[in-house]
Amino acid sequence: MLTTGATTNWAGNITFGAARLHRPATPGELRRIVGSADRVRVLGTGHSFNRIADTDGDLVSLERMPHRVEIAPDGSTATIAAGMRYAQVAEELHTAGYALANLASLPHITVAGACATATHGSGNVQRCLAASVAGLEIVGPEGDVTELRRDIGTDRLSGAVVGLGGLGVVTSMTLDIEPAYEVAQWVWTGLPLDRLGDSFDEIFAAAYSVSVFTDWQSDEGVVWLKCRTDLPGPPEPGQPWLGARPADRHHHPVPAMPPLHCTEQLGAPGPWHERLPHFRPDFTPSNGDELQSELILPRTAATEAFAALRSLGDRIAPLVQVSEVRTVAADDLWLSPAYGRDSVALHFTWAPDHAAVIEVVAAMEELLLPLGARPHWGKLTTVPPERIVASYERAADFGRLLADHDPAGKFRNPFLDDFFPADSWRADR
(Lines give C-alpha, C1' and ligand atoms only; values in the text may rest on other atoms or scores of the structure.)
Protein backbone atom coordinates (compact mmCIF):
# COMPACT_ATOMS: atom_id res chain seq x y z
CA MET A 1 0.00 0.00 0.00
CA LEU A 2 1.31 3.44 -0.97
CA THR A 3 0.16 6.72 0.57
CA THR A 4 1.02 10.15 -0.80
CA GLY A 5 0.67 13.54 0.84
CA ALA A 6 1.73 15.00 4.18
CA THR A 7 2.31 12.70 7.14
CA THR A 8 2.87 13.93 10.69
CA ASN A 9 4.23 12.40 13.84
CA TRP A 10 1.95 11.48 16.76
CA ALA A 11 2.24 14.90 18.41
CA GLY A 12 1.70 16.78 15.17
CA ASN A 13 4.78 18.98 15.71
CA ILE A 14 6.65 17.31 12.82
CA THR A 15 5.44 17.10 9.22
CA PHE A 16 7.58 14.62 7.34
CA GLY A 17 9.18 15.63 4.07
CA ALA A 18 8.63 12.31 2.30
CA ALA A 19 6.34 12.32 -0.72
CA ARG A 20 5.48 8.63 -0.25
CA LEU A 21 4.65 6.39 2.70
CA HIS A 22 4.82 2.67 1.89
CA ARG A 23 3.03 0.00 3.91
CA PRO A 24 4.34 -3.30 2.53
CA ALA A 25 2.45 -6.45 3.46
CA THR A 26 5.16 -9.05 2.69
CA PRO A 27 8.93 -9.36 3.17
CA GLY A 28 9.40 -9.52 -0.60
CA GLU A 29 7.47 -6.30 -1.12
CA LEU A 30 9.55 -4.58 1.55
CA ARG A 31 12.83 -5.71 0.00
CA ARG A 32 11.74 -4.43 -3.41
CA ILE A 33 10.80 -1.02 -1.98
CA VAL A 34 14.09 -0.68 -0.15
CA GLY A 35 16.19 -1.91 -3.06
CA SER A 36 14.66 0.54 -5.54
CA ALA A 37 14.58 3.65 -3.31
CA ASP A 38 17.21 6.40 -3.18
CA ARG A 39 16.59 7.26 0.46
CA VAL A 40 14.53 5.31 3.03
CA ARG A 41 13.53 5.82 6.63
CA VAL A 42 11.22 3.66 8.75
CA LEU A 43 8.27 5.15 10.59
CA GLY A 44 6.95 3.35 13.67
CA THR A 45 4.10 4.86 15.66
CA GLY A 46 5.59 8.34 15.19
CA HIS A 47 6.10 8.81 18.90
CA SER A 48 9.30 10.84 18.50
CA PHE A 49 9.30 14.60 18.85
CA ASN A 50 12.18 15.48 16.53
CA ARG A 51 13.14 14.67 12.93
CA ILE A 52 14.83 11.33 13.59
CA ALA A 53 12.40 9.56 11.21
CA ASP A 54 12.19 12.32 8.60
CA THR A 55 13.40 11.99 5.01
CA ASP A 56 12.96 13.57 1.61
CA GLY A 57 12.96 10.04 0.18
CA ASP A 58 10.57 7.23 1.06
CA LEU A 59 9.01 6.42 4.42
CA VAL A 60 8.20 2.80 5.21
CA SER A 61 5.75 1.57 7.84
CA LEU A 62 5.79 -2.09 8.91
CA GLU A 63 2.28 -2.05 10.38
CA ARG A 64 0.85 -4.34 7.66
CA MET A 65 3.67 -6.89 7.80
CA PRO A 66 2.70 -10.32 9.17
CA HIS A 67 2.68 -10.58 12.95
CA ARG A 68 5.04 -13.12 14.40
CA VAL A 69 5.79 -14.29 17.96
CA GLU A 70 7.84 -17.50 18.01
CA ILE A 71 9.02 -18.75 21.40
CA ALA A 72 12.29 -20.70 21.51
CA PRO A 73 12.01 -24.33 22.68
CA ASP A 74 13.92 -23.53 25.88
CA GLY A 75 11.65 -20.57 26.68
CA SER A 76 14.50 -18.10 26.97
CA THR A 77 13.75 -15.95 23.91
CA ALA A 78 10.99 -15.04 21.49
CA THR A 79 11.43 -13.87 17.91
CA ILE A 80 8.90 -11.24 16.90
CA ALA A 81 7.99 -9.05 13.94
CA ALA A 82 9.74 -5.76 14.66
CA GLY A 83 6.82 -3.60 13.58
CA MET A 84 4.50 -5.04 16.22
CA ARG A 85 3.53 -2.86 19.15
CA TYR A 86 4.54 -3.88 22.65
CA ALA A 87 0.89 -4.43 23.58
CA GLN A 88 0.52 -6.97 20.78
CA VAL A 89 3.71 -8.81 21.69
CA ALA A 90 2.89 -8.80 25.39
CA GLU A 91 -0.56 -10.27 24.89
CA GLU A 92 0.77 -13.19 22.87
CA LEU A 93 3.65 -13.82 25.27
CA HIS A 94 1.37 -13.76 28.30
CA THR A 95 -1.09 -16.13 26.69
CA ALA A 96 1.80 -18.57 26.22
CA GLY A 97 2.91 -18.12 29.86
CA TYR A 98 5.85 -15.77 29.27
CA ALA A 99 6.80 -12.16 29.91
CA LEU A 100 9.27 -9.40 29.15
CA ALA A 101 11.25 -8.05 32.07
CA ASN A 102 10.27 -4.47 31.38
CA LEU A 103 7.86 -2.23 29.48
CA ALA A 104 7.65 1.49 28.79
CA SER A 105 4.79 3.64 30.09
CA LEU A 106 3.08 3.43 26.68
CA PRO A 107 2.45 -0.09 25.33
CA HIS A 108 1.28 1.49 22.04
CA ILE A 109 4.79 1.99 20.62
CA THR A 110 6.51 -0.41 18.23
CA VAL A 111 9.27 -2.66 19.51
CA ALA A 112 11.71 -1.64 16.77
CA GLY A 113 11.13 2.08 17.23
CA ALA A 114 11.48 1.92 21.00
CA CYS A 115 14.71 -0.06 20.82
CA ALA A 116 16.24 2.10 18.07
CA THR A 117 15.99 5.15 20.35
CA ALA A 118 16.85 3.43 23.69
CA THR A 119 13.41 4.01 25.16
CA HIS A 120 13.04 2.62 28.68
CA GLY A 121 10.75 1.85 31.57
CA SER A 122 11.81 2.20 35.20
CA GLY A 123 13.56 0.08 37.79
CA ASN A 124 16.92 -0.02 39.54
CA VAL A 125 17.74 -3.38 37.96
CA GLN A 126 15.85 -2.84 34.69
CA ARG A 127 17.88 -1.82 31.65
CA CYS A 128 16.42 0.02 28.68
CA LEU A 129 14.10 -1.99 26.44
CA ALA A 130 16.78 -2.46 23.78
CA ALA A 131 18.98 -4.40 26.23
CA SER A 132 16.63 -7.39 25.93
CA VAL A 133 17.43 -7.79 22.23
CA ALA A 134 19.36 -10.99 21.51
CA GLY A 135 19.15 -10.80 17.73
CA LEU A 136 18.13 -8.65 14.77
CA GLU A 137 17.18 -9.27 11.15
CA ILE A 138 17.85 -6.20 8.99
CA VAL A 139 16.97 -5.45 5.37
CA GLY A 140 19.98 -3.63 3.90
CA PRO A 141 20.33 -1.06 1.12
CA GLU A 142 20.09 -3.54 -1.76
CA GLY A 143 17.13 -5.36 -0.24
CA ASP A 144 19.56 -7.89 1.21
CA VAL A 145 18.97 -9.46 4.62
CA THR A 146 21.56 -9.45 7.42
CA GLU A 147 21.24 -11.22 10.77
CA LEU A 148 23.03 -10.12 13.94
CA ARG A 149 23.02 -12.27 17.07
CA ARG A 150 24.35 -11.92 20.58
CA ASP A 151 25.74 -15.45 20.58
CA ILE A 152 28.16 -15.15 17.64
CA GLY A 153 31.04 -13.76 19.69
CA THR A 154 31.05 -10.14 18.52
CA ASP A 155 29.72 -6.95 20.07
CA ARG A 156 28.34 -5.67 16.75
CA LEU A 157 24.79 -6.32 18.00
CA SER A 158 25.48 -3.95 20.92
CA GLY A 159 26.18 -1.26 18.36
CA ALA A 160 23.25 -2.04 16.10
CA VAL A 161 20.34 -2.29 18.54
CA VAL A 162 20.16 1.43 19.32
CA GLY A 163 20.72 2.14 15.63
CA LEU A 164 18.71 5.35 15.12
CA GLY A 165 17.30 3.80 11.93
CA GLY A 166 20.64 4.11 10.18
CA LEU A 167 21.61 0.49 9.53
CA GLY A 168 18.57 -0.63 7.54
CA VAL A 169 15.01 -1.78 8.11
CA VAL A 170 14.78 -4.02 11.18
CA THR A 171 12.17 -6.66 10.33
CA SER A 172 12.46 -9.13 13.19
CA MET A 173 13.92 -9.11 16.68
CA THR A 174 14.75 -11.84 19.17
CA LEU A 175 13.98 -10.78 22.73
CA ASP A 176 14.90 -12.23 26.11
CA ILE A 177 11.80 -13.52 27.92
CA GLU A 178 11.00 -15.13 31.25
CA PRO A 179 8.03 -16.89 32.89
CA ALA A 180 4.95 -14.71 33.31
CA TYR A 181 4.53 -12.91 36.63
CA GLU A 182 2.04 -10.63 38.35
CA VAL A 183 2.41 -7.02 39.47
CA ALA A 184 0.46 -4.90 41.97
CA GLN A 185 0.55 -1.11 41.69
CA TRP A 186 0.31 1.38 44.56
CA VAL A 187 0.34 5.18 44.58
CA TRP A 188 1.48 7.52 47.36
CA THR A 189 0.71 11.25 47.18
CA GLY A 190 2.22 14.29 48.87
CA LEU A 191 5.82 13.08 48.96
CA PRO A 192 7.85 16.03 50.31
CA LEU A 193 10.15 16.90 47.42
CA ASP A 194 13.11 17.26 49.79
CA ARG A 195 12.73 13.51 50.38
CA LEU A 196 13.24 12.82 46.66
CA GLY A 197 16.89 13.76 47.06
CA ASP A 198 17.43 12.81 50.71
CA SER A 199 15.78 9.37 50.37
CA PHE A 200 16.44 8.73 46.68
CA ASP A 201 17.93 5.27 47.16
CA GLU A 202 15.13 4.14 49.48
CA ILE A 203 12.38 5.43 47.18
CA PHE A 204 13.69 3.77 44.04
CA ALA A 205 14.54 0.50 45.79
CA ALA A 206 11.00 0.21 47.15
CA ALA A 207 9.54 -1.67 44.15
CA TYR A 208 10.35 -3.45 40.91
CA SER A 209 9.44 -0.29 38.98
CA VAL A 210 9.18 3.19 40.52
CA SER A 211 8.11 6.57 39.10
CA VAL A 212 7.90 9.95 40.83
CA PHE A 213 5.80 12.73 39.28
CA THR A 214 6.15 16.44 40.03
CA ASP A 215 6.23 19.89 38.41
CA TRP A 216 9.42 21.00 40.25
CA GLN A 217 7.67 24.07 41.69
CA SER A 218 5.36 22.33 44.13
CA ASP A 219 7.00 21.00 47.28
CA GLU A 220 5.34 17.62 46.73
CA GLY A 221 5.46 14.67 44.37
CA VAL A 222 3.43 11.54 43.64
CA VAL A 223 5.08 8.09 43.81
CA TRP A 224 3.94 5.11 41.75
CA LEU A 225 5.24 1.72 42.91
CA LYS A 226 4.85 -1.34 40.67
CA CYS A 227 5.64 -4.44 42.74
CA ARG A 228 6.12 -7.98 41.48
CA THR A 229 4.09 -10.29 43.67
CA ASP A 230 6.91 -12.86 43.66
CA LEU A 231 9.43 -10.36 45.09
CA PRO A 232 9.59 -8.46 48.40
CA GLY A 233 6.75 -5.97 48.63
CA PRO A 234 6.49 -2.20 49.00
CA PRO A 235 6.20 -0.15 52.19
CA GLU A 236 3.22 -1.31 54.22
CA PRO A 237 0.20 -0.65 52.00
CA GLY A 238 -2.29 1.81 53.43
CA GLN A 239 0.24 3.46 55.72
CA PRO A 240 2.10 6.80 55.39
CA TRP A 241 5.60 6.48 53.97
CA LEU A 242 8.40 9.06 53.96
CA GLY A 243 5.83 11.76 54.62
CA ALA A 244 3.62 10.64 51.70
CA ARG A 245 0.03 9.45 52.00
CA PRO A 246 -1.38 6.26 50.43
CA ALA A 247 -3.83 7.06 47.64
CA ASP A 248 -7.45 6.02 48.11
CA ARG A 249 -8.36 6.48 44.45
CA HIS A 250 -6.84 5.96 41.01
CA HIS A 251 -4.46 8.59 39.63
CA HIS A 252 -3.34 9.81 36.21
CA PRO A 253 0.29 10.96 35.80
CA VAL A 254 -1.01 14.38 34.67
CA PRO A 255 -2.90 15.79 37.68
CA ALA A 256 -5.71 17.39 35.65
CA MET A 257 -6.46 14.25 33.62
CA PRO A 258 -9.02 11.59 34.62
CA PRO A 259 -7.49 8.18 35.42
CA LEU A 260 -10.02 6.16 33.45
CA HIS A 261 -7.46 4.84 30.95
CA CYS A 262 -4.58 4.22 33.37
CA THR A 263 -3.56 0.74 34.45
CA GLU A 264 -5.12 -0.71 37.61
CA GLN A 265 -3.85 0.69 40.93
CA LEU A 266 -4.78 0.40 44.64
CA GLY A 267 -2.72 -2.77 44.99
CA ALA A 268 -4.89 -5.06 42.84
CA PRO A 269 -2.52 -7.72 41.43
CA GLY A 270 -2.68 -8.49 37.74
CA PRO A 271 -0.64 -9.67 34.74
CA TRP A 272 2.70 -7.96 34.20
CA HIS A 273 1.66 -6.34 30.92
CA GLU A 274 -1.44 -4.81 32.53
CA ARG A 275 0.52 -3.09 35.32
CA LEU A 276 4.05 -2.17 34.15
CA PRO A 277 2.80 0.45 31.65
CA HIS A 278 1.06 3.53 33.04
CA PHE A 279 -1.61 3.34 30.35
CA ARG A 280 -3.90 0.64 29.02
CA PRO A 281 -3.37 -0.31 25.37
CA ASP A 282 -7.03 -0.19 24.37
CA PHE A 283 -7.16 3.60 24.08
CA THR A 284 -5.04 6.56 23.00
CA PRO A 285 -3.62 8.18 26.15
CA SER A 286 -4.00 11.72 24.81
CA ASN A 287 -4.55 13.51 21.54
CA GLY A 288 -0.83 14.13 21.11
CA ASP A 289 -1.23 17.79 22.02
CA GLU A 290 2.12 17.92 23.80
CA LEU A 291 5.90 18.04 23.44
CA GLN A 292 8.44 15.89 25.27
CA SER A 293 12.06 16.13 26.36
CA GLU A 294 14.17 13.84 28.54
CA LEU A 295 17.64 13.85 30.02
CA ILE A 296 19.41 10.76 31.38
CA LEU A 297 22.14 11.30 33.99
CA PRO A 298 24.35 9.13 36.19
CA ARG A 299 22.49 8.11 39.35
CA THR A 300 25.26 9.66 41.39
CA ALA A 301 24.20 13.08 40.06
CA ALA A 302 20.51 12.68 40.99
CA THR A 303 20.40 14.88 44.09
CA GLU A 304 22.31 17.70 42.42
CA ALA A 305 20.07 17.43 39.35
CA PHE A 306 16.92 17.67 41.47
CA ALA A 307 18.22 20.84 43.12
CA ALA A 308 18.97 22.35 39.70
CA LEU A 309 15.45 21.62 38.46
CA ARG A 310 13.85 23.05 41.58
CA SER A 311 15.83 26.25 41.01
CA LEU A 312 14.04 26.51 37.64
CA GLY A 313 10.65 25.48 39.02
CA ASP A 314 9.02 28.86 38.41
CA ARG A 315 9.91 28.53 34.71
CA ILE A 316 9.15 24.81 34.36
CA ALA A 317 5.77 24.62 36.12
CA PRO A 318 3.76 26.99 33.85
CA LEU A 319 4.68 24.91 30.78
CA VAL A 320 4.99 21.34 32.02
CA GLN A 321 2.03 18.97 32.13
CA VAL A 322 4.07 16.62 34.29
CA SER A 323 7.68 15.59 34.90
CA GLU A 324 8.58 11.99 35.69
CA VAL A 325 11.67 10.67 37.49
CA ARG A 326 12.72 7.06 36.81
CA THR A 327 15.83 4.91 37.14
CA VAL A 328 17.50 2.78 34.47
CA ALA A 329 20.21 0.16 34.99
CA ALA A 330 23.51 0.36 33.10
CA ASP A 331 23.89 -1.46 29.79
CA ASP A 332 26.54 -2.07 27.10
CA LEU A 333 24.65 -0.67 24.08
CA TRP A 334 26.88 1.83 22.30
CA LEU A 335 24.31 4.61 21.89
CA SER A 336 22.20 3.98 24.97
CA PRO A 337 22.13 7.02 27.29
CA ALA A 338 22.58 4.49 30.12
CA TYR A 339 25.70 3.01 28.50
CA GLY A 340 28.13 2.03 31.25
CA ARG A 341 26.31 3.76 34.11
CA ASP A 342 23.29 3.27 36.33
CA SER A 343 21.12 6.24 35.49
CA VAL A 344 18.30 8.52 36.55
CA ALA A 345 15.95 9.68 33.78
CA LEU A 346 14.25 13.07 33.97
CA HIS A 347 11.29 13.18 31.61
CA PHE A 348 9.09 16.18 30.77
CA THR A 349 5.72 16.30 29.05
CA TRP A 350 5.20 19.89 27.95
CA ALA A 351 2.40 22.08 26.68
CA PRO A 352 2.54 22.41 22.86
CA ASP A 353 4.26 25.82 22.88
CA HIS A 354 7.54 25.06 21.12
CA ALA A 355 9.10 28.52 21.39
CA ALA A 356 8.50 28.80 25.13
CA VAL A 357 9.34 25.16 25.87
CA ILE A 358 12.64 25.14 24.00
CA GLU A 359 13.86 28.12 26.07
CA VAL A 360 13.21 26.24 29.30
CA VAL A 361 14.74 23.04 27.89
CA ALA A 362 17.88 25.04 27.06
CA ALA A 363 18.03 26.42 30.60
CA MET A 364 17.72 22.92 32.08
CA GLU A 365 20.35 21.49 29.77
CA GLU A 366 22.78 24.27 30.68
CA LEU A 367 22.60 23.12 34.31
CA LEU A 368 22.39 19.36 33.74
CA LEU A 369 24.90 18.73 30.96
CA PRO A 370 27.86 19.40 33.28
CA LEU A 371 26.43 16.62 35.47
CA GLY A 372 26.68 14.13 32.58
CA ALA A 373 23.20 14.43 31.07
CA ARG A 374 22.52 12.74 27.73
CA PRO A 375 19.31 13.65 25.84
CA HIS A 376 16.86 10.97 24.72
CA TRP A 377 17.38 10.32 21.00
CA GLY A 378 13.70 10.77 20.12
CA LYS A 379 12.84 13.92 22.06
CA LEU A 380 13.49 17.66 22.01
CA THR A 381 16.93 19.02 22.85
CA THR A 382 19.03 22.13 22.24
CA VAL A 383 22.37 20.39 22.74
CA PRO A 384 24.63 20.57 19.66
CA PRO A 385 25.00 17.14 18.01
CA GLU A 386 28.79 17.15 18.34
CA ARG A 387 28.50 17.62 22.10
CA ILE A 388 26.03 14.76 22.40
CA VAL A 389 28.22 12.43 20.33
CA ALA A 390 31.26 13.36 22.43
CA SER A 391 29.51 11.92 25.50
CA TYR A 392 29.41 8.41 23.98
CA GLU A 393 32.59 6.34 24.25
CA ARG A 394 31.64 4.09 21.32
CA ALA A 395 30.48 6.86 18.96
CA ALA A 396 33.37 6.33 16.53
CA ASP A 397 32.64 2.60 16.46
CA PHE A 398 29.01 3.35 15.64
CA GLY A 399 30.04 5.69 12.84
CA ARG A 400 32.12 2.91 11.30
CA LEU A 401 29.22 0.48 11.75
CA LEU A 402 26.99 2.85 9.76
CA ALA A 403 29.58 3.09 6.99
CA ASP A 404 29.91 -0.69 6.89
CA HIS A 405 26.17 -1.45 6.73
CA ASP A 406 25.14 1.45 4.49
CA PRO A 407 28.16 2.79 2.56
CA ALA A 408 26.05 4.81 0.10
CA GLY A 409 23.90 6.37 2.82
CA LYS A 410 20.50 5.07 1.71
CA PHE A 411 19.19 5.10 5.29
CA ARG A 412 20.66 8.46 6.20
CA ASN A 413 18.76 11.69 6.76
CA PRO A 414 19.74 15.18 7.96
CA PHE A 415 19.21 14.14 11.61
CA LEU A 416 21.70 11.29 11.32
CA ASP A 417 24.13 13.35 9.24
CA ASP A 418 24.25 15.98 11.97
CA PHE A 419 25.45 13.41 14.50
CA PHE A 420 27.47 11.07 12.29
CA PRO A 421 28.54 12.89 9.10
CA ALA A 422 29.14 10.38 6.32
CA ASP A 423 32.60 11.74 5.45
CA SER A 424 33.79 11.48 9.05
CA TRP A 425 33.72 7.68 9.30
CA ARG A 426 35.39 5.14 7.07
CA ALA A 427 35.50 1.41 7.45
CA ASP A 428 39.30 1.51 7.48
CA ARG A 429 39.63 4.08 10.26
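The first residue of the sequence shown is numbered 1, and numbering continues consecutively from there. This one's a predicted model, so the numbers in the text were calculated from it and none came from an experiment.
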Should [X] and [Y] count as side-chain neighbours, where that means a heavy-atom distance under 4.5 Å?
X: D342; Y: T327; value: no
X: C128; Y: L333; value: yes
X: S48; Y: I14; value: no
X: V357; Y: V320; value: no
X: L309; Y: L346; value: yes
X: V344; Y: I296; value: no
X: H273; Y: L103; value: yes
X: L30; Y: L62; value: yes

Donor-acceptor contact present, side-chain [X] to main-chain [Y], <3.5 Å:
X: S132; Y: L129; answer: yes
X: H376; Y: A345; answer: no
X: R374; Y: P337; answer: yes
X: R394; Y: S158; answer: no
X: S323; Y: H347; answer: yes
X: S122; Y: V210; answer: yes
X: K410; Y: P141; answer: yes
X: S336; Y: D332; answer: no
X: Q265; Y: H251; answer: yes
X: E274; Y: P271; answer: no

- Have a look at P24 and tell me which of V169, I33, V34 forms a side chain to side chain contact (heavy atoms under 4.5 Å, CB included) with it. I33

Looking only at heavy atoms, what is the nearest atom pair of [X] and [Y], with distance?
X: G165; Y: A116; value: N-CB, 4.4 Å
X: A160; Y: L401; value: N-CD2, 3.8 Å
X: L276; Y: A101; value: CD1-O, 4.1 Å
X: W350; Y: S293; value: NE1-OG, 2.9 Å
X: L21; Y: S61; value: CD1-N, 4.0 Å
X: A330; Y: G340; value: CB-C, 4.0 Å

- Test log, rule ring pair (Phe, Tyr, Trp, His ring centres under 6.0 Å), inputs H278 and F213: CA-CA 12 Å; H278 297 335; F213 298 96; 5.6 Å; yes

Does [X] come within less than 4.0 Å of [Y], counting only side-chain N to carboxylate O?
X: D198; Y: R195; result: no
X: R387; Y: E365; result: no
X: E264; Y: K226; result: no
X: D176; Y: R150; result: yes
X: E63; Y: R23; result: yes
X: R41; Y: D58; result: no
X: R31; Y: D144; result: no

- Message: Would you call the rings of F49 and H47 parallel, tilted or perpendicular, taking 30° and 60° as the class edges?
- Response: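 Plane angle over 60°, so perpendicular.
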
- Parallel, tilted or perpendicular: which fits the ring planes of W377 and F420, with parallel below 30° and perpendicular above 60°? tilted

- Should R64 and E29 be marked as a salt bridge (Lys or Arg N to Asp or Glu O under 4.0 Å) after you check the CA-CA gap, both sets of side-chain angles, and the distance that decides it? CA-CA 11 Å; R64 296 183 66 236; E29 185 181 357; 5.1 Å; no

- Kindly indicate whether a cation-pi arrangement holds for R39 with F411, taking the cut-offs as under 6.0 Å to the six-membered ring centre and within 45° of the axis.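 No.
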
- Quick one: does NZ or CZ of R228 land under 6.0 Å from the six-membered ring centre of Y208, within 45 degrees of the ring axis?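 So R228 does make the cation-pi contact.
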
Over 12 foreign heavy atoms within 6.0 Å of [atom1], [X]:
X: D353; atom1: CG; answer: yes
X: E304; atom1: CD; answer: no
X: E386; atom1: CD; answer: yes

- Message: Please determine whether salt bridge (Lys or Arg N to Asp or Glu O under 4.0 Å) holds for the pair D331 and R341, giving the CA-CA distance in whole Å, both sets of side-chain angles, and the decisive distance to 0.1 Å.
- Response: CA-CA 7 Å; D331 60 54; R341 63 190 199 187; over 6 Å; no

- Decide ring pair (Phe, Tyr, Trp, His ring centres under 6.0 Å) for F306 and F200; before the verdict, give the C-alpha distance in whole Å, the side-chain angles of both, and the deciding distance to 0.1 Å. CA-CA 10 Å; F306 300 156; F200 176 76; 5.8 Å; yes

- Task: For the pair V328 and Q126, evaluate side chain to side chain contact (heavy atoms under 4.5 Å, CB included) and give the outcome as yes or no after the intermediate values.
- Result: CA-CA 6 Å; V328 188; Q126 298 306 317; over 6 Å; no

- In sequence, state the C-alpha distance, the side-chain angles, and the governing distance for E359 and T382, and then conclude on side chain to side chain contact (heavy atoms under 4.5 Å, CB included). CA-CA 9 Å; E359 287 188 7; T382 68; over 6 Å; no

- Report the C-alpha distance between R412 and D417 in whole Å, list the side-chain angles of each, state the deciding distance to 0.1 Å, and finish with yes or no for salt bridge (Lys or Arg N to Asp or Glu O under 4.0 Å). CA-CA 7 Å; R412 286 186 166 274; D417 287 339; 2.8 Å; yes

- Decide side chain to side chain contact (heavy atoms under 4.5 Å, CB included) for Y181 and L231; before the verdict, give the C-alpha distance in whole Å, the side-chain angles of both, and the deciding distance to 0.1 Å. CA-CA 10 Å; Y181 53 88; L231 297 176; over 6 Å; no

- From CG (N413) to CZ (F16), nearest 0.5 Å: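 Going from CG on N413 over to CZ on F16, the span is 10.5 Å.
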
- Residues E324 and S211: side-chain donor-acceptor under 3.5 angstrom: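 The answer is yes; a qualifying pair exists.
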
- For residues F279 and H261, establish whether the separation of their ring centroids is below 6.0 Å. no

- Message: Determine whether D201 and R299 satisfy the following criterion, side chain to side chain contact (heavy atoms under 4.5 Å, CB included), listing intermediate values before the conclusion.
- Response: CA-CA 9 Å; D201 290 336; R299 277 191 55 150; 2.9 Å; yes

